[in-house]
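Right, one structure below, let's go through it.
Each residue takes its place number in the sequence, starting with 1.
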Amino acid sequence: MAGESFSSGKFKLYEQLELQEFQDKFVIKSVEAPDQGFSIDRRDGTIEPLNGDSSSSARPTKTSTIYGVAGTIRLLAGNYLLVITSRTEVGAFLGFPVYRVTSMKFLSCNEVLKNSTLQEKKDEAYFMALLKTVQSTPGLYFSYQTDITLNFQRRRKLMEGWMAKPIWKQADPRFVWNRNLLDELIEYKLDGFIIPMLQGNILKLLIPYVYYLRFLSLSLSLSLALSLSLSLHAYVRPCKGDEDSEIRRCTRRLGTRMWRRGANLEGDVANFIETEQLVECEGFRSSLLQIRGSIPLLWEQIVDLSYKPRLKVIDHEQMSNVVERHFFDLFQRYGEIIAVDLTDKHGDEGQLSMAFSAEAQNLPNVRYVSFDFHHVCGNSNFENLKLLYEQISEQFEKQGYLLIDAKGSILEEQKGIVRSNCIDCLDRTNVTQSYLAQKSLDAQLQRIGVLDSSECISMFAEDYQKFRALWAEQGDEISLEYAGTYALKGDLVRYGKQTFGGILKDGMSALSRYYLNNFHDGIRQDAMDLISGRYTVRRDSSPFQTESFSYLPVASALLIGGLTLTSVTLQQAGRNAQQFMSSVLWAGVTAGVAAVVKANGRQFCSRPRLCRLV
């Protein structure tokens, strides 16, 4: 079996690979098992597993070390192989090493491109530009020894022998970032080379602290690790402990902040993330799951150069079915749901919130809770979240968490989940989830016996600060992947209040979001649609038959030119009336161009070209 099992019966991928480049093919071999590998033809991308005697008399033109094969994608003129060229070990998940991808590269197998038509060459050039964008995808994680896409409670329920299966068969396909790239490797049964990658974040930190109780001194090391794909894991051990936070990002409606809003017709929502917090202490292990996701309606917010584009709920006959499908899927996976809606109750957000409330109120096994975060908490009153907690505390505590003793027996199971959302499911959502995570962590540590019933982690200032910093870093990672910038309101998580430095950082992030959303995210969205399989490349049709003309450079040149000429003529206006009239003329032209740009803002923004919004 490729990627042979451990002696304990667990499957393991080949960890270190050798890439040999020949004139006509690429060859990838396992360093541990040199007879295991495959070749891919450089002309058309045909894959062929290596035979035991498949040694070639020719010498490779180049040999290098790679650390994994992320998959293949076929475009118009051949195949492209994505390989991991560097990695960093970031910690462990349930005792297994986890790595972060630090660089990837597509190997082109497209020599038949020279025989393609002019339109095909132009299309292929755009697709290849999208692949370059994919190469810099942030927050990709993997493990050679275990699947990191399943939460702890679900793993505990798997049948015996599950861990002996190839890792790609163990994985939850919702959270496998490269699932669409694995088909050819699966077809050729290259199980030992198939790496399911999770988009998320894994952070580790050590929190040592000492507290005294009844004249006994206990030194406790709390180590927190966050893993993004939306799952958070925390481990706590007396004298030495780890808290892991794993975040798992769902790939069913993958996209950027403005170009993937709401739900599709199947009920999958944008920016859906599962966060799991694991705690380990004296052999006990506990886990808390939370989820976030865009409001599960059909709605959009198209960029148009304004700072805050208008929200629009799409009138569709399937709207109620979409919401029902979304929550039915969540109930099947997680149990009863507390849907916490953090949006404003006025303006466009208020209309969207009212529509969500109307749909959610009639659903079984769903409790909808509206909490206007901006009105109640503002920019500095983090502790006002206690008003939200008072509304949901009884049900939240009844949902509980997973708790396993030192013998491996399940003492408690989590029987429901909190689903939080704002508009982006970033800033307000992260503040709220960190508050609920703290409440659950207190309960878990008290249940295990690390804290007594009157104590909580916030009583240990230094350690509490590190816990908050961990959640703030998680929020930054989620925001980078969806919005392209660091999270806003990070200071509310770190310090419980807004600071001057935080205000400046939020201002810079807001400006960066504006630029990326309006002038860059269309290309990023196309890259995600291509790599996730939402768009399928076809030779009989081109998405670029109609040329997309960019008005932005022309408008920018006119605006800058008009402002420059207005300024120059104004400086000379005192000399004669003719110069003054020239200043008025150029000022009018500039104002006219600005008015045209404002009225037709959508035409000047970067838009995706491959797929529709819903």
Side-chain angles (χ1 to χ4, degrees), residues 1-7 10-74 78-90 96-111 131-132 134-137 140-148 166-168 176-178 181-198:
M1 179 171 62
E4 296 298 328
S5 298
F6 290 131
S7 58
K10 295 183 176 65
F11 193 91
K12 182 180 184 298
L13 297 171
Y14 297 125
E15 187 164 338
Q16 195 170 24
L17 307 178
E18 183 179 81
L19 170 63
Q20 297 177 346
E21 301 182 29
F22 295 88
Q23 291 293 334
D24 61 340
K25 63 184 177 182
F26 296 107
V27 174
I28 294 176
K29 293 182 176 181
S30 165
V31 173
E32 306 113 275
D35 61 330
Q36 297 295 319
F38 64 95
S39 65
I40 182 166
D41 195 298
R42 297 183 75 157
R43 291 166 296 183
D44 59 6
T46 301
I47 292 176
E48 184 177 338
L50 296 182
N51 299 319
D53 58 349
S54 59
S55 58
S56 172
S57 58
R59 288 182 175 272
T61 58
K62 181 181 179 182
T63 300
S64 55
T65 298
I66 60 175
Y67 299 96
V69 178
T72 64
I73 184 169
R74 285 195 174 271
N79 210 355
Y80 296 80
L81 179 71
L82 181 59
V83 298
I84 300 169
T85 53
S86 65
R87 68 184 186 188
T88 300
E89 186 173 350
V90 293
F96 300 104
V98 176
Y99 299 86
R100 181 184 183 122
V101 175
T102 51
S103 65
M104 300 186 293
K105 179 173 70 173
F106 275 101
L107 304 178
S108 302
C109 305
N110 62 350
E111 291 184 7
L131 295 187
K132 288 186 178 179
V134 171
Q135 288 177 171
S136 58
T137 301
L140 296 178
Y141 293 82
F142 66 94
S143 174
Y144 297 107
Q145 300 180 24
T146 192
D147 166 56
I148 58 175
I167 290 178
W168 70 267
V176 179
W177 174 83
N178 57 329
L181 307 181
L182 301 178
D183 289 343
E184 286 196 85
L185 300 180
I186 293 172
E187 179 184 348
Y188 287 97
K189 297 180 171 58
L190 297 168
D191 293 339
F193 297 89
I194 300 174
I195 297 181
M197 294 198 296
L198 174 74

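Within 6.0 Å of atom CD in Gln23, 12 or fewer heavy atoms from other residues, nucleotides or ligands are found, so the atom counts as exposed in its surroundings. Environment of CD in Glu21: crowded, with over 12 heavy atoms of neighbouring residues, nucleotides or ligands closer than 6.0 Å.
In summary, the side chains of Asp44 and Thr46 do present a donor paired with an acceptor at a separation below 3.5 Å, with no hydrogens or angles considered.
Side chain of Tyr14 to backbone of Ser30: no donor-acceptor contact under 3.5 angstrom is found. Counting only distance, with no hydrogens or angles, the side chain of Glu89 and the backbone of Pro97 share no donor-acceptor pair below 3.5 Å. Remark: the backbone N or O of Ile195 is paired with a side-chain donor or acceptor of Asn178 at under 3.5 angstrom. Thr65 places no side-chain N or O within 3.5 Å of a backbone atom of Glu18 that could act as its donor or acceptor partner. Remark: the backbone N or O of Leu107 is not paired with any side-chain donor or acceptor of Arg42 at under 3.5 angstrom. With Ser39 contributing its side chain and Val27 its backbone, the two residues share no donor-acceptor pair below 3.5 Å. The closest donor-acceptor contact from the side chain of Asp191 to the backbone of Pro166 lies at 3.5 Å or more, if one exists at all.
To the nearest 0.5 Å, the span separating OH on Tyr141 from CD1 on Ile148 amounts to 9.0 Å. Atom CZ of Phe26 and atom CD of Gln20 lie 12.0 Å apart (nearest 0.5 Å). One distance of note links CG of Leu185 with CD1 of Ile194; it measures 5.5 Å at 0.5 Å rounding. Taken from NZ in Lys62 to CG in Leu19, the straight-line distance is 8.0 Å, to the nearest 0.5 Å. Here the CG atom belonging to Asp24 is positioned 6.5 Å from the CG atom belonging to Asp41, to the nearest 0.5 angstrom. The CD1 atom of Ile167 sits 6.5 Å away from atom OG1 of Thr146, with the distance rounded to the nearest 0.5 Å.
Closest heavy-atom contact between Thr102 and Ser86: OG1-OG, 2.6 Å. In terms of heavy atoms, Ser143 sits closest to Leu13 at O-CD1, 3.9 Å. Heavy atoms only, all atoms of each residue included: Gln135 and Phe106 are closest at OE1-N, 3.0 Å. In terms of heavy atoms, Leu182 sits closest to Gly71 at CD2-CA, 4.5 Å. The minimum heavy-atom distance between Lys29 and Pro34, with the atom names listed, is CD-O, 3.6 Å. Between Ala58 and Phe22 the shortest heavy-atom distance is O-CE2, 3.4 Å.
Ring pair Phe142/Tyr99 is parallel by interplanar angle, where below 30° counts as parallel and above 60° as perpendicular.
Taking 4.0 Å as the cut-off between side-chain N and carboxylate O, Glu184 and Arg74 count as a salt-bridged pair.
Phe193 places a side-chain heavy atom less than 4.5 Å from the side chain of Leu17. Residues Trp168 and Phe11 have side chains not in contact (no heavy-atom distance under 4.5 Å, counting atoms from C-beta outward).
Considering Ile47, Leu181, Ile73, Ile28 as possible partners of Leu81, the one that fulfils the side-chain contact (heavy atoms from CB on, under 4.5 Å) test is Ile28.
Residues Phe38 and Tyr188 place their aromatic rings such that the two centres sit no closer than 6.0 Å.
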